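Accompanying notes for the structure given below.
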Amino acid sequence: MTATHVAEEPLRLRAAGWALHAYTASGTAIAFLALAAAVGGDEVAALWWLLLALLIDGTDGMLARRLRVKEVIPNFDGARLDDVVDYITYCFAPVFLLWYGGYLPEGSLGTLVAVLPLLASSYQFCRTDAKTEDHFFLGFPSYWNVVAFYVIVLDVSSGVTSALLLACVVLVFVPIKYIYPSRTATARGLNLSLAGAWLVTYAVLLLQFPDPSVVVVALSLLYVGYYLAASVVLTLRR
């Protein structure tokens with residue numbers, strides 16, 4: 001390999017690293033578009049945007065490790081960028097979607113129910129142990145986008161929605177170790193495959209909205225049940 005090729009390789013890696021950071025940062029624009037869709041009364045479009053945010057978040061970490069972004073761009077904190085984007089797309093945007101769409105109680109009670117997940121996730125995203133050394137999430141991992149998806153697609157009542165949100169707020173502080181599908185070593189291949197299948201059911205249910213198939217709903221919720229049960233079992237084993 002010539003000296004020119006040696007010099008060009010770091011340049012290509014840095015360019016790829018910055019492109020990857022831009023890919024991650026695009027989640028903020030996607031969250032804006034989701035909010036704009038919600039305000040415009042198109043909740044399904046908002047959920048499509050949040051699905052795109054899920055896909056980006058599910059792939060940018062693996063790409064960052066493959067491209068060795070930490071090594072080639074050491075003065076830029078990609079993990080902090082990821083946390084900023086995740087808070088907006090996993091927490092703020094979906095909670096706003098539920099509040100603005102009328103899925104929470106009216107008045108100050110509904111506002112309080114909306115604010116509590118925002119505060120709980122603010123705490124969680126600042127925890128240094130939110131992602132454990134053995135690659136689990138500690139405490140409910142701010143999957144408010146998943147909660148909002150089911151509430152809207154299944155047209156859940158405001159009372160049940162409020163109870164579900166409050167239960168998840170409490171679980172933020174309960175030290176259950178939740179599977180990190182792309183990184184948890186135990187059954188990683190199975191977890192990735194099931195998570196991918198769940199994303200397919202997400203898209204299918206949006207295409208079927210407002211009359212979702214019972215079979216697709218059952219398959220989708222079956223993965224949620226597996227995820228929660230497996231997380232609890234792995235927590236107890238450790």
Side-chain angles (χ1 to χ4, degrees), residues 24-54 56-57 80-131 137-176 178 198 202 205-206 209-210 212 217 220-221 224 227-228 231:
T24 300
S26 69
T28 58
I30 290 169
F32 178 85
L33 293 171
L35 292 173
V39 172
D42 194 345
E43 295 170 341
V44 173
L47 291 175
W48 278 114
W49 285 118
L50 292 181
L51 173 59
L52 180 58
L54 269 171
I56 291 173
D57 184 56
R80 180 176 296 179
L81 172 63
D82 189 63
D83 283 344
V84 170
V85 174
D86 284 355
Y87 182 83
I88 298 171
T89 57
Y90 278 68
C91 181
F92 189 87
V95 170
F96 177 86
L97 185 57
L98 291 177
W99 175 80
Y100 189 84
Y103 293 95
L104 299 178
E106 295 181 359
S108 57
L109 178 59
T111 301
L112 175 62
V113 173
V115 165
L116 289 176
L118 302 181
L119 295 175
S121 286
S122 295
Y123 162 79
Q124 187 184 43
F125 272 90
C126 293
R127 291 182 63 172
T128 56
D129 61 349
K131 295 176 183 177
F137 297 115
L138 188 63
F140 175 72
S142 291
Y143 287 148
W144 308 108
N145 50 349
V146 176
V147 175
F149 166 71
Y150 284 115
V151 167
I152 294 170
V153 168
L154 302 180
D155 194 22
V156 178
S157 70
S158 62
V160 173
T161 300
S162 298
L164 185 57
L165 291 179
L166 294 176
C168 291
V169 165
V170 172
L171 287 173
V172 167
F173 302 93
V174 178
I176 296 173
Y178 293 83
W198 179 82
Y202 183 122
L205 288 172
L206 285 185
F209 187 85
V217 170
S220 183
L221 291 174
V224 175
Y227 179 87
L228 295 174
S231 296

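Positions are given from 1, in the same order as the sequence printed here. Note that these values count all heavy atoms, side chains included, but never hydrogens, waters or copies made by symmetry. Predicted model only: the values in this text are computed from it and were never measured.
Residues passing the ring-ring contact (aromatic ring centres under 6.0 Å, His included) test with Tyr103: none are found, sequence neighbours excluded. Considering only residues two or more places apart in sequence or on other chains, Thr89 meets the side chain to side chain donor-acceptor pair (under 3.5 Å) condition with none of them. Annotation: side-chain contact (heavy atoms from CB on, under 4.5 Å) contacts of Ser26 (sequence neighbours excluded): Ile30, Ile56. Looking at residues two or more places apart in sequence or on another chain, you find a side-chain contact (heavy atoms from CB on, under 4.5 Å) between Ser157 and Val160. In this structure, Tyr178 has no ring-ring contact (aromatic ring centres under 6.0 Å, His included) partners at least two apart in sequence or on a different chain. With sequence neighbours excluded, no residue forms a side chain to side chain donor-acceptor pair (under 3.5 Å) with Asp82. Shown here are the ring-ring contact (aromatic ring centres under 6.0 Å, His included) partners of Trp49, two or more places apart in sequence or in another chain: there are none. Every residue two or more places apart in sequence or in another chain that forms a side-chain contact (heavy atoms from CB on, under 4.5 Å) with Leu166 is listed here: Leu116. When the side-chain contact (heavy atoms from CB on, under 4.5 Å) test is applied to Val224, the partners found at least two apart in sequence or on another chain are Tyr150, Trp198, Leu228.
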| field | Leu138 and Lys131: CA distance, side-chain angles, deciding distance, side chain to side chain contact (heavy atoms under 4.5 Å, CB included) verdict | value | CA-CA 6 Å; Leu138 188 63; Lys131 295 176 183 177; over 6 Å; no
| Passes side chain to side chain contact (heavy atoms under 4.5 Å, CB included), Val85 versus Asp57? Steps please. | CA-CA 9 Å; Val85 174; Asp57 184 56; over 6 Å; no
| request: Would you sort out whether Tyr90 and Leu54 count as a side chain to side chain contact (heavy atoms under 4.5 Å, CB included), showing the intermediate values? | output: CA-CA 8 Å; Tyr90 278 68; Leu54 269 171; 3.3 Å; yes
| request: Show your reasoning for whether ring pair (Phe, Tyr, Trp, His ring centres under 6.0 Å) applies to Tyr87 and Phe92. | output: CA-CA 6 Å; Tyr87 182 83; Phe92 189 87; 7.1 Å; no
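Listed by first and then second residue, the side chain to side chain donor-acceptor pair (under 3.5 Å) pairs that reach into residues 162-171 come to none, sequence neighbours excluded. Screening residues 103-123 for salt bridge (charged side-chain N to carboxylate O under 4.0 Å, His left out) gives no qualifying pairs among residues at least two apart or on separate chains.
One finds the CG atom of Leu165 at 6.0 Å from the CG atom of Leu98 (value rounded to the nearest 0.5 Å). The line from CZ of Phe209 to CD1 of Ile152 is 7.5 Å long, rounded to the nearest 0.5 Å. The distance from atom CG of Leu51 to atom CG of Leu205, rounded to the nearest 0.5 Å, is 11.0 Å. For the atom pair CD (Gln124) and SG (Cys91), the distance works out to 9.0 Å, reported to the nearest 0.5 Å. Note that CG of Asp86 is 10.5 Å distant from OG of Ser121, once rounded to the nearest 0.5 Å.
Considering every non-hydrogen atom in both Val153 and Pro212, the closest pair reads O-CG, 4.0 Å. The two residues Leu50 and Ala93 make their nearest non-hydrogen contact at CD2-CB, 4.2 Å. Taking each heavy atom of Cys126 and Ser122 in turn, the nearest pair found is SG-O, 3.4 Å. Of all heavy-atom pairs between Ala38 and Ala46, the closest is N-CB, 4.2 Å. Smallest separation of non-hydrogen atoms from Asn145 and Ser142: OD1-O, 4.3 Å. Here the shortest heavy-atom pairing between Leu97 and Glu43 reads CD1-CG, 4.2 Å.
Looking at heavy atoms from C-beta onward, Leu118 lies out of side-chain contact with Trp144 at the 4.5 angstrom threshold.
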Under 3.5 Å, which donor-acceptor pairs do the side chains of residues 168-176 form with other protein atoms, sequence neighbours left out?
none

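In this structure a side-chain-to-backbone donor-acceptor pair under 3.5 Å is missing from Tyr202 to Phe149. A donor-acceptor distance shorter than 3.5 angstrom exists from the side chain of Thr28 to the backbone of Ala25, with no hydrogens or angles considered.
Ring orientation note: the planes of Phe140 and Tyr143 are nearly perpendicular, at an angle over 60° on the 30°/60° scale.
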